[in-house]
Asker: 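Below you will find the structure I want to go over with you.
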Amino acid sequence: MNLLIIDDEPIQHLIYDKMLDIYVPNASSHTMHSYDGANALEFLKRNSDNAKALPDMIFLDIHMASLSGFDFLERFKKLSQKLIKKIEVYVISSSIDPDDINRSKAYAFVKDYIIKPVTQIAIKNIFNSNGQFPNNMALLKHYGQ
């Protein structure tokens, strides 16, 4: 299983990497990082017909400086129909605003809304419900950095 993390805060990427290393074997070789939602969308567009390059899951921050997570979700909604495979999105945000939570969960491809700070239990639960990363797939790290 391949993962794309979209968050404009570099420290969040480090936190995810450390947590993933605990619960997911070889997670770092299956994780891409983007610090900008627009760059991530471009990557997804370019690889729309390449199932091996596309992530299976996206961890998405809502409040980002350039392209907000909500803008990403709206653009991804249109793009997802053109992708060769289904991608699940986990919105991960510091916002506890019920409007943000409900707005995020209105998208069919959003699997869950997780409030930061992300706990090891939350990471473990995500991967328990989705399985583990297979050992034979690798992706570029730090895309869009």
Asker: Can you tell me if Asp8 uses its side chain to pair, donor with acceptor, with the backbone of Asp36 under 3.5 Å?
Answerer: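 Judged by distance alone, no pair lies under 3.5 Å.
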Asker: Using ring centroids (six-membered ring only for Trp), state whether Tyr35 and His13 fall under 6.0 Å.
Answerer: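 Judged by ring-centre distance (under 6.0 Å), His13 and Tyr35 do meet the cut-off.
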Asker: Heavy-atom distance under 4.5 Å between the side chains of Glu88 and Tyr90, does that happen here?
Answerer: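 A side-chain contact exists here, since the closest heavy-atom pair is under 4.5 Å.
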Asker: Mind listing the closest non-hydrogen atom pair of Phe72 and Gly37 along with its distance?
Answerer: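 Heavy atoms only, the tightest pair is CD1-O, 3.7 Å.
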Asker: Compare every heavy atom of Gly69 with every heavy atom of Leu60, then report the nearest pair and how far apart it is.
Answerer: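 Minimum heavy-atom separation between Leu60 and Gly69: CD2-O, 3.7 Å.
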Asker: Side chains of His33 and Asp17: do they bring a donor and an acceptor to under 3.5 Å?
Answerer: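 Yes, a side-chain donor-acceptor pair sits under 3.5 Å.
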Asker: If you define the side chain from C-beta out and look only at heavy atoms, does anything of Leu79 sit under 4.5 Å from Lys45?
Answerer: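 Yes; the side chains approach each other to less than 4.5 Å.
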Asker: Of all the heavy-atom pairs spanning Ile87 and Pro55, show the shortest one and how long it is.
Answerer: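 It is CG1-O, 3.1 Å.
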Asker: Would you kindly say whether Asp100 and His63 are connected by a side-chain donor-acceptor distance under 3.5 Å?
Answerer: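 There is such a pair (donor and acceptor under 3.5 Å, judged by atom type) between the side chains of Asp100 and His63.
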Asker: Pick one: which of Asp56, Asn50, Asp49 meets side-chain hydrogen bond (donor to acceptor under 3.5 Å, both in side chains) with Lys85?
Answerer: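 Result for side-chain hydrogen bond (donor to acceptor under 3.5 Å, both in side chains) with Lys85: Asp56.
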Asker: Can you name the closest pair of heavy atoms from Tyr113 and Ser95 and give their distance?
Answerer: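 Distance-wise, the nearest heavy atoms are OH-O, 2.9 Å.
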Asker: What heavy-atom pair brings Ile115 and Ser94 nearest, and what distance separates the two atoms?
Answerer: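 Minimum heavy-atom separation between Ile115 and Ser94: CG2-O, 4.5 Å.
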Asker: State which residues pass salt bridge (charged side-chain N to carboxylate O under 4.0 Å, His left out) with Asp61; sequence neighbours excluded, sorted by chain then number.
Answerer: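 For Asp61 the salt bridge (charged side-chain N to carboxylate O under 4.0 Å, His left out) partners, ignoring immediate neighbours, are Lys116.
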Asker: Would you tell me whether Ser34 and Asn39 have side-chain atoms, one donor and one acceptor, within less than 3.5 Å of each other?
Answerer: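 Not at all, the side chains of Ser34 and Asn39 share no donor-acceptor pair under 3.5 Å.
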Asker: Report the residue from Ile121, Leu20, Leu3, Ile114 that forms a side-chain contact (heavy atoms from CB on, under 4.5 Å) with Ile126.
Answerer: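 Considering Ile121, Leu20, Leu3, Ile114, a side-chain contact (heavy atoms from CB on, under 4.5 Å) with Ile126 is found only for Ile114.
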Asker: Return the minimal non-hydrogen interatomic distance between Ile123 and Tyr16, and the atom names on each side.
Answerer: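 Nearest heavy atoms, Ile123 then Tyr16: CD1-CD2, 4.4 Å.
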Asker: Hey, does Gln12 have a side-chain heavy atom less than 4.5 Å from the side chain of Ile92?
Answerer: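 Ile92 vs Gln12: side chains apart.
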Asker: Please confirm whether the backbone N or O of Phe43 pairs with a side-chain atom of Asn47, one donor and one acceptor, at under 3.5 Å?
Answerer: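 Looks like yes, one N/O pair under 3.5 Å.
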